[in-house]
A.B. asks: 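One structure, as structure tokens, below. Some questions next.
Counting convention: from 1, in listed order, for ligands and their atoms alike.
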Amino acid sequence: MNVDPKAGQGMTSERTRDRLVRQLRDEGIRDERVLQVMRQVPRHLFVDEALASRAYENTALPIGRSQTISQPYIVARMTEALLGDDSLDTVLEVGTGSGYQTAVLAPLVRRVYTVERIAPLLEQAKQRFRLLKLRNIHPRHSDGGLGLPEFSPYDGIIVTAAPEGIPRTLVEQLRPGARMILPIGGAQAQALVKVTRTARGYDTEMLEPVNFVPLLGGVET
Ligand code: SAH
């Protein structure tokens with residue numbers, strides 16, 4: 001784990017994070033690596049000061065520009081599904097947003113590339129990564145529907161905004177055997193899906209219903 005333990009952590013948030021971790025356990029999160037990181041990452045630094053007191057509630061919160069920081073349960077669930085029993089080397093995240101999901105992933109893998117299309121959100125996220133000394137995160141301002149071919153293939157891809165279908169370009173950037181965790185569907189009904197790249201194409205597995213902002217831009221499904 002390489003989250004700087006001193007950065008922005010007071011007693012109060014440590015205790016409230018412990019409570020959050022208990023809730024995550026109750027909701028079925030089992031991976032101890034994930035629970036330990038959720039206990040360490042100071043979520044209150046990823047929202048506006050006005051919302052900081054609500055940072056350890058298990059809910060999504062607004063981060064400006066009509067976007068949201070994902071619910072802690074969903075972040076934990078997606079991270080757990082992405083890791084499986086493996087230890088991953090290079091991971092791509094699409095939709096940096098506040099950077100919270102990125103900060104949870106970073107201590108668990110060797111390197112994270114993360115892309116965001118709204119430049120001011122990305123700038124704020126970068127400042128948070130610097131503050132927390134998360135040096136294995138490589139943020140890029142670009143359209144994540146296109147992935148980031150120059151650093152592919154990835155050992156895992158996590159998408160935190162919902163396309164209508166499975167983006168072909170992203171599947172192509174997965175190493176064979178690697179997984180992509182993403183929400184799929186429109187505003188009415190979405191499901192969290194695990195896509196595993198196979199030698200001939202890919203397999204899919206539905207995980208659970210979710211509710212994400214849409215993945216915008218030039219997504220080809
Ligand atoms: N993981 C983030 C979730 C942010 S919401 C967090 O926990 O804070 C999803 C983000 O995806 C938004 O910031 C939105 O701007 C971004 N997004 C949507 N479409 C995108 C695209 N095509 N490329 C890159 N980012 C995109």
A.B. asks: Can you find an N/O atom of Ala161 closer than 3.5 Å to an N/O atom of ligand 1?
C.D. replies: no

A.B. asks: Please check if the side chain of Arg128 supplies one atom and the backbone of Leu45 the other of a donor-acceptor pair under 3.5 Å.
C.D. replies: yes

A.B. asks: For residues Val47 and Val213: do they belong to one hydrophobic cluster (side chain heavy atoms under 4.5 Å, members Ile, Leu, Val, Met, Phe, Trp, Tyr)?
C.D. replies: no

A.B. asks: Could Glu32 and Arg25 be called an ion pair, given the rule that one side-chain N must be under 4.0 Å from one carboxylate O?
C.D. replies: yes

A.B. asks: Could you establish whether Val75 and ligand 1 come within less than 4.0 Å of each other, counting only heavy atoms on the residue side?
C.D. replies: no

A.B. asks: Can you name the atoms of ligand 1, numbered from 1 with element, that are less than 4.0 Å from a heavy atom of Asp143?
C.D. replies: 21 (C), 22 (N), 23 (N)

A.B. asks: Between the side chain of Asp31 and the main-chain N/O of Arg33, is any donor-acceptor distance below 3.5 Å?
C.D. replies: yes

A.B. asks: Does Glu93 use its side chain to pair, donor to acceptor, with the backbone of Ile158 at less than 3.5 Å?
C.D. replies: no

A.B. asks: For ligand 1, which atoms sit closer than 4.0 Å to a heavy atom of Gln101?
C.D. replies: 1 (N), 7 (O)

A.B. asks: Within ligand 1, which atoms have a heavy atom of Thr68 less than 4.0 Å away?
C.D. replies: 3 (C), 4 (C), 5 (S), 8 (O)

A.B. asks: Would Val213 count as being in polar contact with ligand 1, using the rule that some N or O on each side must be under 3.5 angstrom apart?
C.D. replies: no

A.B. asks: List ligand 1 atoms under 4.0 Å from Ser142, heavy atoms only on the residue side.
C.D. replies: 23 (N), 24 (C)

A.B. asks: Would you say Arg65 touches ligand 1, if touching means a heavy atom closer than 4.0 Å?
C.D. replies: no

A.B. asks: Specify side chain, backbone, both or neither for Leu215, according to which of its non-hydrogen atoms lie closer than 4.0 Å to ligand 1.
C.D. replies: both

A.B. asks: Report yes or no: does Gln173 contribute a side-chain atom to a donor-acceptor pair with the main-chain N or O of Leu146 at less than 3.5 Å?
C.D. replies: yes

A.B. asks: Should one rank Ala162, Ser98, Gly97 by closest heavy-atom distance to atom 8 (O) of ligand 1, which comes out on top?
C.D. replies: Ser98

A.B. asks: Under 3.5 Å, side chain of Arg43 to main-chain N/O of Ala55, donor-acceptor pair present?
C.D. replies: yes

A.B. asks: Should Arg110 and Asp155 count as an ion pair when the cut-off is N to O under 4.0 Å?
C.D. replies: no

A.B. asks: Check each heavy atom of Gln67 against ligand 1 and say whether those closer than 4.0 Å belong to the side chain, the backbone, both or neither.
C.D. replies: side chain

A.B. asks: Contact between ligand 1 and Ala125 is defined here as a heavy atom of the residue under 4.0 Å from a ligand atom; is it met?
C.D. replies: no

A.B. asks: Evaluate the criterion side-chain contact (heavy atoms from CB on, under 4.5 Å) for residue pair Val41 and Phe46; output intermediate values, then yes/no.
C.D. replies: CA-CA 10 Å; Val41 177; Phe46 290 81; 3.9 Å; yes

A.B. asks: Using a strict 4.0 Å cut-off to heavy atoms of Ser70, name the atoms of ligand 1 that fall inside it.
C.D. replies: 3 (C), 6 (C), 7 (O)

A.B. asks: Contact between Tyr202 and Thr204 at the side-chain level, heavy atoms closer than 4.5 Å - yes or no?
C.D. replies: yes

A.B. asks: Taking only heavy atoms of Ile118 into account, list the atoms of ligand 1 that are under 4.0 Å away from them.
C.D. replies: 15 (O)

A.B. asks: For the pair Glu80 (side chain) and Arg30 (backbone), establish whether a donor and an acceptor sit closer than 3.5 Å, ignoring hydrogens and angles.
C.D. replies: yes

A.B. asks: Hey, is ligand 1 close enough to Tyr100 that some N/O pair sits below 3.5 Å?
C.D. replies: no

A.B. asks: Considering only heavy atoms of Ile69, which atoms of ligand 1 have at least one such atom less than 4.0 Å away?
C.D. replies: 6 (C), 7 (O), 8 (O)

A.B. asks: Please could you name the atoms of ligand 1 that Leu121 approaches to less than 4.0 Å, counting only its heavy atoms?
C.D. replies: 13 (O)

